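Have a look at the structure below before the remarks.
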Amino acid sequence: MGTQVVQTLRQGVWASLTGGWYHEPDQNKFNNSCHLYLWIFLLMLPLSLHLALPPTTIALSIYCTSITVFFILIKLANYRLHLMFDEGEAVVRSSLSDLSKVQEKKSNASDSCLPARQGESASEEKPIEGGLYPRPEPSPDDLSSPNPDQAAPLLQAQQRPPSRAERQEMHPGSAGGKMDTEMNENGVLHEGMDVQSSLMGTDRVQADQERTAEKDSVQDRTEDKDCEEIADGETADEGLPSSKGSEDESEEESEGQKEVSDANNNSLETPKDSQDDFVDAPEPPAQVTEFMWTSTQEKPTRKIYYKLELFPGKWINILYDRLTLLALLDRNQDVLENLFSVFMAFLVSFLGFVLLNHGCFKDFWVFQFCLVIASCQYSLLKGHNPLVAYSRATYFCIFCALIWLLEQLLRLKDLPVSTLCLLCHVLTGFTYCFPITFLVGLFPQINTFTIYLLEQIDMHFFGGTAATSLISAIYSILRSLIAVCLLYGFCFGALKEPWDEQHTPALFSGFCGLLVVFSYHLSRQSSDPSEEEAPDIKDPLPEKLQNSVILLSDVVICSVAYILTFAITASTVFLSLRPFVTIVLYALAGTVGFVTHYLIPQLRKHHPWLWISHPILKTKEYHQFEPREDAVLMWFERLYVGLLCFEKYVVYPAIVLSALTNDGFALSHRKNCDVLLTTVAGLKLLRSSFCDPSFQFLTLLFTLVFFHFDCPHASESFLLDFFIMSIIFHKMRELLLKLHFILVYIAPWQIAWGSAFHAFAQPFAVPHSAMLLLQTLLTTVFYTPLAPFLGSAIFISSYPRPIKFWERNYNTKRIDNSNSRLVSQVDKETGCDDNNLNSIFYEYLTRSLQHSLCGDLMLGRWGNYSSGDCFILASDYLNALVHLIEIGNGVVTFQLRGLEFRGTYCQQREVEAITEGVEEDDACCCCEPGHLPHMLSCNAAFNLRWLAWEVMATKYLLEGYSISENNAATMLQVYDLRKLLITYYLKSIIYYLVHSPKLSTWLKDAAIQEALQSYTKWHHIERDPQVFSVKIDEDYVHCLQGVTRASFCNVYLEWIQYCAGKMETPVESDEDSPLVTLSYALSVLGRRSLGTASHNMSNSLESFLYGFNTLFKGDFRIATKDEWVFADLDLLQKVVAPAVRMSLKLHQDHFTCLEETEEASILYEAITNYRSSLVICHESDPAWRKAVLSSRDTLLTLRHMIDDGTDEYKIIMLYKRHLSFKVIKINKECVRGLWAGQQQELVFLRNLNPERGSIQNSKQALRNMVNSSCDQPLGYPMYVSPLTTSYAGTHHTLRSIGGGALSLDAIRSWLCTKWLRSVYLISSQYGGDRLPPRDSGSLEWDGCQKPALSTVAAVLPLTSLILSPPPAPCPSLPLSPPSFLNPSFTHYFQNSILYRPCVNSRGSLNGMCICICTCVWFTLKLLSS
């Protein structure tokens, strides 16, 4: 615990204060010294220049130039060194120990020369052999290399030498797990090195891990850094210790010259002119030789140099390694990133020194400001990750630019000085507190802040929806700005000249029409332009509905809306009838909004007004135990949809257009008309009304009350008042949600203390209530979560986040055979944990929600909703959190987070709190007087009000899978049951063999027939006692101790002949036929494969289940006797493998349908039905996921469950049906606060305790369920879906109300259908026949057969529908066409259905009717073309 606290203080607190600098004990002195002096230089340079030089441009130029040149040099050197490691040449040298230190080393060898401690790898040395020594005089390479025998060590966590077992695992082909190397005669090693990955902050670092070995065997050696010897009389430098990136040497002899590479796969070669670096030397002195034999630590050290080319032909040797360089400075990947870092450093220095020159900081605050500058610049050199590194500098530049701008504005005379001064002081104070604000995490990463800022601007000023990414935020704000710019031009042109009440300019009417059109179209579009489905997933929305039908529908609707809007605004109805029209519209909006968004949702809740014990408006499924059909459309749902559409498309557009017309008339007579605000306000109000009108009536009510009664002097115009109040009301709702969360969470009578700290924090938080209220107000303004500190009653503010909340697009990827290694599939179960296997059910639930969520929200089945709301769907075993992110007009983007099936104890307690009812509670305070009929008791009503969640519906239906599981050990415990399974197994093999399209090929294959010669003999006996047994084989002959062809035919010949008799092409199936031989051979192969997979212990139940599960997942180990099957692998894949799976289903059905084993016809029919209707495969097979997502009705699998010491095999059956869920709405500020608290506790405070107090159960806030739904590793959700978009057009119930998307084809079909209905009605009256029903196949009228309405509308094109003659002419009406028609039209008109309604009862024509019919005909003809 103490080590963790010290590490948090050093790497968390101190590093946040200084911008990333802290002392790291695991690094060498050189790196720590460089970091310290670098930080001091960045701090003292601006301070000394400011104090020593006058505030002039010269001082500014000196400082900016110094910082820019300094950063250029550092970034250039860092970039070149990394490029050298990537592409450079490595040279390996050896040096002799200093003889003057031999005796000293020898005397201390027993106690000082010990193996290196953990985290320090010893330097590798070249062994002495036969007089091979380096030349005593230094080579030119040595002279050009600065301090060639010294290098900085690696970080402690990154330089641990791998053990022998690890090296053997990494290099199984080399003895001892080491790589053979050989030095050539040039003195250059061609070596093989591995790439070691390590983690530096959040970046992956490519490590240089050198392995070499000499030609002769040498002894492994690990040497402490204090025991290293420096050759040629050089002494070690304290600041630059020797490199420890090397590892133990290989002990294996290698033959020949082996070419290897360094850590970056670079070939290690040197020119030939370096071959004289190593020469033969005389034998060393005796004392040295004696020491060499007594102490293995005294050998020449081996160094690896990298050749850094300075100029063409000029290069120097660098003795360094990549990990040490990465510990010293962060790596910038490309040139642009380096240039941006240099630019940011220049900008920080420029803006910071400009403010110093302006005198914005005095006395001690000069030092504080210089410390802030140093921290921002240091983070550009050594930070956690690029985003964090740029974030501090970017925020500094933003604040300094604002302060500088305010200083310039203060010099002007016409501006409010007091307000600007206050704002300038606030920004200056924030700049002083940069170290503190970054320490407590008030500033997000710069990309998160950009998304948050653009999203808030788009939502509050332009009526936009939530953003899902940085690209989405930029795209949304750009399209809103483009729409505003286009509308501004029309509005400015319409309002630059005054106009009277009797005439509205056409340009203004055009502006109003475009405003409605743009608002509607923007509300219908998703904010993410790059939304795509995964390539391996079939698009669940037919015919790309989200891209094609929506656009076509918008074209039609926008055209109609533009024409209507233009006509209404041009009619001056809003000016001539004011204020009557305005009052009527306000009253209508208030009434419709109250009924739609308050009364109906309250009556549909599980506990209306938290007083009534059951919903008043109940669905048909409310009293059903297990609904088997789709949810029935109720009358109040039709009413809700009708009122919602009337409110969105009629009431609020009329209110905005009325206000826009009145305000436009007033603004046209003013000299200074604020056209831009009018345009922005109109766009925002219309767009938000189309997207989410749930709280628009309350916003309208607050606007009228506040600006007409409370503060009438503050009113500008109704449009601007409504616009401002919409922003204020949105913040007021957030404030109420935050206060509700805080009061519910800290209520003393229901507090759930998860740890001792919670008990301490509860009373401690009481005196700080005022501070808590201030935090609540500030977090409401900036839309930041208010998080409970460590899950206690103390609340602290987090940094601002967008509605999506999480920065990363994390989603779960299922593990199966398509994305895992073959060795993991064979040796162990692939993804055998329950969470991975059960995640498919949440994936299917996501698909179901994608089809129905948007429509269900519009039908009011989830109650009122808005962007950012969180719901929990709870059923028997599925518990998922649904996060609504983007709410549009017929478009909803959401994310589903599935929780574990068998959750923790805390999760189970919270699930019980959700599912248990309070209707039976009779308590009131301390007594139990009961309650009124259909009402809740006082205690129950009180407790429901002190919850952060509320049950919205109890019978919400979604299509899903019910799971039934049986223990396979129970079903196979008895030998007779295992024998039955083997019998079904062999019969299934015969069935699939006979039905294979390759059967004739196999029977005629000479190679197969030759291999099966032994099986054709009747006396052939299979006597393997580990495979065949009398206990499990029906055809086992006890006296022969095996299985023969005769015994096989006695049992299975009848089944073979029955299956062969069902074939279209007859196949010989007598006792001596090739079909029986092949069946017998496959039966032996199948049983032998089962015995091999069971480790030849099939008599044991555990081994039998293990072997059967191995075959079930497709792992067949073929014995030598059965290798004939490799002639065609389809014998395994298409015959034996499916037979294993089918036998499991037949064995399971044996317990319910015993007669299947008695009659061959029933068994044959069962297998045939299961082949087409049932999916049987292993869960790791990609076909399983494909079948589930394709909504197959029934699936079967065998699961091997290993959990908490249990080892079980479960037979799992899936049935597709309608699942019933409870819909629970959670306070979204509660969810955001708990998520932010977990992120702070685990990431910043590093509390990894799995039983920490912040995840203990808290029924009033569902704390455990919410926290466990966080992204991993903060939470542990079973499944996290990608951002998924649901469209209203995919909901079939909603389409039955509104008719689906509107398009030209839909309009044409509707007109044709209505016209045909009128034709048939008149025809039935004329002929005396009754009109047939709508769904009839055909209509008979006077002997003329007409196609039915549904058939005509769905199949026939419009031209043939109108112009083609009927199937049977009608001679009973010998009428001539009207004389005014063109003769060429005569034939079509006589045989057209348009002619018949114009005949009266006397057989004469009606002229007016003919004229109308002719007009209709031309209209339909135009539409059809």
Side-chain angles (χ1 to χ4, degrees), residues 463 504 509 511-524 553-554 556-600 636-663 681-701 703-704 718-719 722-723 726 857-860 864 887-891 1288 1294 1297-1302 1307 1310:
T504 302
S509 299
F511 160 72
C512 293
L514 288 178
L515 181 64
V516 173
V517 166
F518 283 177
S519 301
Y520 178 80
H521 181 67
L522 291 176
S523 69
R524 296 268 290 167
S553 176
D554 287 355
V556 178
I557 294 178
C558 290
S559 302
V560 176
Y562 182 83
I563 295 173
L564 292 177
T565 304
F566 187 92
I568 292 174
T569 53
S571 64
T572 68
V573 61
F574 297 121
L575 291 176
S576 58
L577 298 179
R578 60 176 182 178
F580 175 75
V581 173
T582 305
I583 296 175
V584 171
L585 290 176
Y586 293 163
L588 191 61
T591 304
V592 173
F594 176 79
V595 173
T596 307
H597 304 295
Y598 180 75
L599 187 60
I600 295 180
F636 49 83
E637 292 177 339
R638 290 180 178 272
L639 176 63
Y640 182 85
V641 172
L643 291 176
L644 183 66
C645 293
F646 177 71
E647 180 187 33
K648 286 201 302 185
Y649 302 131
V650 177
V651 177
Y652 285 111
I655 290 177
V656 173
L657 291 176
S658 174
L660 198 63
T661 305
N662 293 327
D663 295 346
L683 179 66
K684 190 260 172 134
L685 294 175
L686 273 177
R687 194 172 167 188
S688 58
S689 299
F690 288 141
C691 288
D692 184 16
S694 301
F695 300 97
Q696 289 292 96
F697 79 101
L698 289 176
T699 306
L700 179 63
L701 179 62
T703 303
L704 296 176
F718 174 77
L719 203 62
F722 199 8
F723 173 76
S726 64
L857 290 174
M858 296 182 66
L859 289 171
N864 291 328
I887 303 295
N889 185 13
V891 178
L1294 193 63
I1297 300 176
L1302 188 61
I1307 296 174
W1310 182 82

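This structure is a prediction, so every number in the text was calculated from the model and none was measured. Counting from 1, the numbers follow the sequence of the chain as shown.
- In terms of heavy-atom proximity, G590 sits nearest to F697 at O-CD1, 4.3 Å.
- Annotation: side chain of L660 is in contact with side chain of F511 (closest heavy-atom distance under 4.5 Å).
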- request: List the steps, then state whether side chain to side chain contact (heavy atoms under 4.5 Å, CB included) holds for R638 with L859.
  value: CA-CA 8 Å; R638 290 180 178 272; L859 289 171; over 6 Å; no

message: H597 vs Q696, test: side chain to side chain donor-acceptor pair (under 3.5 Å). Steps then yes/no.
response: CA-CA 10 Å; H597 304 295; Q696 289 292 96; over 6 Å; no

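- Taking all atoms of both residues into account, the shortest heavy-atom contact from Y520 to C558 is CD2-SG, 3.8 Å.
- A distance of 5.0 Å separates CG in D554 from CZ in R524, rounded to the nearest 0.5 Å.
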Side chain to side chain contact (heavy atoms under 4.5 Å, CB included) assessment of F695 paired with L698: CA-CA 5 Å; F695 300 97; L698 289 176; 4.2 Å; yes

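- The ring of Y586 has its center closer than 6.0 angstrom to the ring center of F718.
- With hydrogens and angles ignored, the 3.5 Å screen pairs a side-chain donor or acceptor of T596 with a backbone N or O of V592.
- Between the side chain of N662 and the backbone N or O of L575 there is no donor-acceptor pair closer than 3.5 Å.
- To the nearest 0.5 angstrom, L719 atom CG is 10.5 Å from T703 atom OG1.
- Listed by first then second residue, pairs satisfying side chain to side chain donor-acceptor pair (under 3.5 Å) with a partner in residues 565-576 read S509-T569, not counting sequence neighbours.
- Within the 4.5 Å cutoff, the side chain of V641 has heavy atoms near those of the C645 side chain.
- Nearest heavy-atom pair across S519 and L683 is OG-CD1, 3.4 Å.
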message: Let's go through S726 and K684 carefully: what are the C-alpha distance in whole Å and the side-chain angles of both, what is the deciding distance for side chain to side chain donor-acceptor pair (under 3.5 Å) to 0.1 Å, and is it a yes or a no?
response: CA-CA 9 Å; S726 64; K684 190 260 172 134; 2.6 Å; yes

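- The two residues Y562 and G513 make their nearest non-hydrogen contact at CD1-C, 3.4 Å.
- Panel note: side chain T582, backbone R578; no donor-acceptor pair is recorded below 3.5 Å.
- The nearest pair of heavy atoms linking L857 to Y640 is O-CE2, 4.4 Å.
- Heavy atoms only, all atoms of each residue included: F690 and S523 are closest at CB-OG, 3.5 Å.
- Distance check: D692 CG to R687 CZ gives 13.0 Å after rounding to the nearest 0.5 Å.
- Taken to the nearest 0.5 Å, the CD atom of E647 stands 9.0 Å off from the CD1 atom of I655.
- Taking the side chain as every heavy atom from C-beta outward, Y598 and N864 never approach each other to under 4.5 Å.
- To the nearest 0.5 Å, the span separating CG on N889 from OH on Y649 amounts to 3.5 Å.
- Here the side chains of M858 and L1294 are in contact, with some heavy-atom distance below 4.5 Å.
- How far CG of L657 is from SG of C512: 5.5 Å, rounded to the nearest 0.5 Å.
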